[in-house]
Amino acid sequence: MAQKVRTRFAPSPTGMLHLGGARTALFNWAFARREKGTFILRIEDTDPVRSRREFEEAICEDLFWLGLDWDEGPYRQSERRPLYAEFLGVLQKKGLVYPCYCTQEELEEERHAALREGRPPRYSRRCLFLSPEERRRLEEQGRKPSWRFFVPSGRTVVVEDLIRGKVTFGTDDLTDFIVVRSDGIPTYNFACVVDDALMEITHVLRGEEHLSNTPYQLLLYEALGFDPPLFGHVPVICGTDGAKLSKRQKDTSIRFFREEGFLRDALFNYLLTLGHSFPEGKEILPREELVALFDLKRISRGNAIFDLARLSWMNRVYLRNLSISDLRKELASFAGVLWAKWERLLGEEYLLRLLDLFREEATTLKDLVASIDRSFQGGEVSEGEAKRLSAFLHAAFSALPENFFEDATRLQEELKRLQKASGLPPRIFYRTLRVILIGREEGPEMYRILWALGKKNVLAKLESRE
Ligand code: GLU
């Protein structure tokens with residue numbers, strides 16, 4: 001029987017979750033779910049300076065918000081230090097690593113010299129040839145060694161990439177890399193391999209920027225006697241200007257899109273179309289179908305383009321298609337205390353009608369909040385006209401039965417009659433009334449606004465203008 005699929009998402013908690021990271025998480029999650037496998041969350045917090053607990057919490061919260069639930073974890077690399085020490089011991093025993101006493105400055109100097117002379121910057125192996133006596137002397141000076149992996153020369157390392165096909169690396173182009181730093185902290189490549197091996201990860205889907213790490217990791221798998229997982233390197237995401245998205249920070253975080261009022265389902269759907277396509281050019285599908293149709297073979301090899309206009313379009317579609325009760329849920333949680341205020345002012349039934357009406361022109365929940373909020377603000381209009389029209393319409397509407405507002409045809413006819421009777425030209429009549437009722441001059445058709453607000457709310461708004 002084939003091995004059960006186990007995937008992971010391994011963020012470093014050094015910032016918020018961004019589109020690229022979220023897409024990586026989603027691809028791993030979707031693949032695991034489709035294959036009825038296991039999805040693992042691992043926090044790569046070995047860097048004590050840049051890692052922060054609040055970023056870890058924010059990342060978990062945003063993943064959860066997107067609906068990417070994990071079956072195991074979060075594991076934290078900072079809590080697994082003894083394991084890395086144990087496997088460093090294995091490499092030491094096999095003679096595959098050597099202590100390196102070079103300081104940061106010495107390494108920098110070496111690197112610059114190489115660049116000056118047009119050589120690729122690789123470690124000179126200066127410390128490989130130290131005698132035990134020289135080592136002792138350096139340690140007596142208080143130098144603590146880092147541990148470097150000895151990369152054998154003249155070999156080829158092959159990455160059978162699930163997305164890019166065969167990618168080969170010559171070990172002569174690689175460098176002896178550090179596995180554990182002088183402060184005892186494992187490097188990314190080392191901790192990642194130990195963890196992926198111990199966690200029995202079968203498939204690693206990650207950003208293309210990690211492809212250059214993969215030959216190093218494969219050498220470590222071999223050295224430690226572990227079977228490597230399968231790798232798939234997902235192309236980077238660029239903006240519509242062609243520049244890499246990862247360079248921009250603030251406006252590409254998942255938190256930013258949440259706060260802008262994008263719906264989780266729309267973002268989830270959108271991210272699955274970012275560098276991955278669905279059969280027959282389909283773009284919008286229910287969550288279960290998106291997962292069922294997710295296919296590693298359908299991940300593109302070219303860069304993905306993040307296009308805010310396309311995401312906005314998708315969000316509009318999702319916003320329109322929400323059931324009214326889901327819309328209520330989404331908006332109540334998005335609007336917070338405002339929701340309670342609106343409900344008290346309009347009554348729940350009419351608030352929902354208004355929402356339903358306003359969502360037709362909204363792109364995000366934020367737009368929707370703004371248009372409802374605005375409907376309570378009144379808006380700029382000639383005071384005299386507003387006063388006269390309010391008094392006139394208050395008298396006319398008061399005389400109508402409650403359910404008159406439910407009948408679109410009769411309401412439309414009545415409005416026409418009232419406009420004529422008011423003596424105001426249609427443009428002024430409707431514009432003034434719209435400002436009184438929803439705080440702006442343009443908007444949905446008048447009879448629909450009246451229906452949405454209901455007689456009581458309409459009268460209250462007119463009264464406040466008289
Ligand atoms: N911590 C690494 C990152 O955030 C994980 C890379 C990987 O998936 O191996 O980029």
Side-chain angles (χ1 to χ4, degrees), residues 5-32 37-53 55-60 62-63 68 70 72-81 83-84 157 159 161-164 167 169 177-179 181 185-221 224 226 228-237 244-247 249 252-254 271 275 296 299:
V5 164
R6 288 172 65 84
T7 65
R8 48 60 163 192
F9 177 51
S12 307
T14 54
M16 299 297 284
L17 182 66
H18 281 74
L19 285 172
R23 184 190 58 163
T24 300
L26 179 49
F27 281 15
N28 281 288
W29 178 89
F31 184 63
T38 303
F39 176 63
I40 293 158
L41 180 59
R42 181 173 78 224
I43 306 295
E44 301 208 321
D45 58 350
T46 49
D47 181 341
V49 181
R50 294 175 60 228
S51 300
R52 290 221 232 114
R53 196 50 84 89
F55 287 133
E56 176 189 325
E57 279 162 16
I59 291 168
C60 290
D62 287 342
L63 287 173
L68 308 186
W70 48 94
E72 285 179 28
Y75 296 109
R76 280 195 202 102
Q77 288 190 327
S78 60
E79 291 166 2
R80 297 167 61 82
R81 292 274 286 275
L83 286 169
Y84 311 126
V157 181
V159 181
D161 195 276
L162 293 163
I163 297 157
R164 308 167 59 96
V167 188
F169 295 87
F177 59 104
I178 294 176
V179 289
R181 285 195 288 255
I185 293 178
T187 56
Y188 154 69
N189 275 328
F190 185 54
C192 179
V193 167
V194 170
D195 283 346
D196 282 342
L198 296 184
M199 293 174 190
E200 299 178 336
I201 301 301
T202 58
H203 296 73
V204 169
L205 304 175
R206 64 183 171 201
E208 199 176 41
E209 66 275 15
H210 286 293
L211 182 59
S212 57
N213 286 318
T214 308
Y216 292 107
Q217 297 188 3
L218 285 172
L219 288 171
L220 282 172
Y221 278 102
L224 292 168
F226 292 131
L230 295 168
F231 292 95
H233 290 91
V234 184
V236 293
I237 305 176
K244 254 198 190 171
L245 213 58
S246 49
K247 299 273 175 280
Q249 289 297 302
T252 57
S253 71
I254 296 304
L271 286 172
L296 298 183
I299 296 178

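Atoms within a ligand are numbered from 1 in the order they appear, just like the ligands themselves. As the structure is a prediction and not an experimental result, all values here were calculated from the model.
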Suppose I only count heavy atoms of [X] and a 4.0 Å limit; which atoms of ligand 1 are within that range?
X    : answer
C192 : 9 (O)
E44  : 1 (N), 2 (C), 5 (C)
H210 : 3 (C), 6 (C), 10 (O)
R206 : 7 (C), 8 (O), 9 (O)

Which residue in the set R164, R206, E208 passes side chain to side chain donor-acceptor pair (under 3.5 Å) when paired with H233?
R206

Taking side chain as C-beta onward, heavy atoms only, is [X] less than 4.5 Å from [Y]?
X    : Y    : result
F169 : L211 : yes
C192 : R42  : yes
M16  : F55  : yes
P229 : Y221 : yes

Please work out, at 4.0 Å between heavy atoms, whether the side chain, the backbone, both, or neither of F9 comes within that distance of ligand 1.
neither

Under 4.0 Å between heavy atoms, the region of S12 that gets near ligand 1 turns out to be both

Would you tell me whether D47 and Y188 have side-chain atoms, one donor and one acceptor, within less than 3.5 Å of each other?
no

Does a donor on one side chain sit under 3.5 Å from an acceptor on the other, for Q77 and D45?
no

Note the single closest protein heavy atom to atom 9 (O) of ligand 1, along with its residue, its atom name and the distance in Å.
Y188 OH, 2.6 Å

Can you find a non-hydrogen atom of R8 under 4.0 Å from ligand 1?
yes

Taking distance alone, with N or O pairs closer than 3.5 Å, would you say A10 contacts ligand 1?
yes

